[in-house]
Amino acid sequence: TASKDLAPYQIRVNCISPALIGPGVLWDRQNELHAASGSPFFASDPATVATNKINSVPMRRLGTLEEVASVAAFLLSSASSYVTGNNVEVSGGLS
């Protein structure tokens, strides 16, 4: 893996996987598109789609950009100097 190959050079390889982050333009647009898709998995009303998504998260709320940025700041800091080869999920327990 990249993390094992680059570790001898003190290069750390990590990933951040945000789940439902919002509110914002992208969150609103995604819900509009899901509502308009005609999919049996989504309601036809964007507000209902949003509510259903939020209710599927164990923490019952959206994540924030600041929470994702905090994870990135940690991974960029010296506090994570021995962290490599990880995927950090910012998901409110969704995964």
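On a predicted model such as this, the values are computed, not experimentally measured, just so you know.
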How close do [X] and [Y] get, heavy atom to heavy atom, and via which atoms?
X	Y	value
V68	P18	CG2-CB, 3.9 Å
V13	T84	N-OG1, 2.9 Å
G93	P58	O-CG, 3.2 Å

Pairs touching residues 57-95 that satisfy ring pair (Phe, Tyr, Trp, His ring centres under 6.0 Å), sequence neighbours left out: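 Counting only pairs at least two positions apart or across chains, no ring pair (Phe, Tyr, Trp, His ring centres under 6.0 Å) contact touches residues 57-95.
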Could you grab the distance from atom [atom1] of [X] to atom [atom2] of [Y], nearest 0.5 Å is fine?
X	Y	atom1	atom2	answer
I54	L94	CD1	CG	12.0 Å
N87	N14	CG	CG	9.0 Å
S81	R12	OG	CZ	6.5 Å

Expected output: side-chain D5 to main-chain S3 donor-acceptor under 3.5 Å: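 Not a single qualifying donor-acceptor pair exists.
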Whichever hydrophobic residues join L76 through chains of side-chain contacts under 4.5 Å: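 So far as hydrophobic clustering goes, L76 is joined with none.
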Run the side-chain donor-acceptor check on residues 21-28: report pairs under 3.5 Å with partners two or more places apart or on a different chain.
none

Throw together a table of side-chain donor-acceptor distances under 3.5 angstrom for residues 40-50, partners on residues two or more places apart or in other chains.
from: D45; atom 1: OD2; to: T48; atom 2: N; distance (Å): 3.1
from: D45; atom 1: OD2; to: T48; atom 2: OG1; distance (Å): 2.9

Verify same cluster id: L75, L65 (apolar side-chain graph, 4.5 Å):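 Hydrophobic grouping puts L75 with L65.
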Residues which pass salt bridge (Lys or Arg N to Asp or Glu O under 4.0 Å) with E89, listed by chain and number, not counting sequence neighbours: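 With neighbours one apart ignored, the set is empty.
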Where at least one partner belongs to residues 48-66, residue pairs that pass salt bridge (charged side-chain N to carboxylate O under 4.0 Å, His left out), sequence neighbours excluded: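 Passing the test, one end in residues 48-66: R61-E67.
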Any side-chain heavy-atom pair of V90 and I16 under 4.5 Å: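 Yes, their side chains come closer than 4.5 Å.
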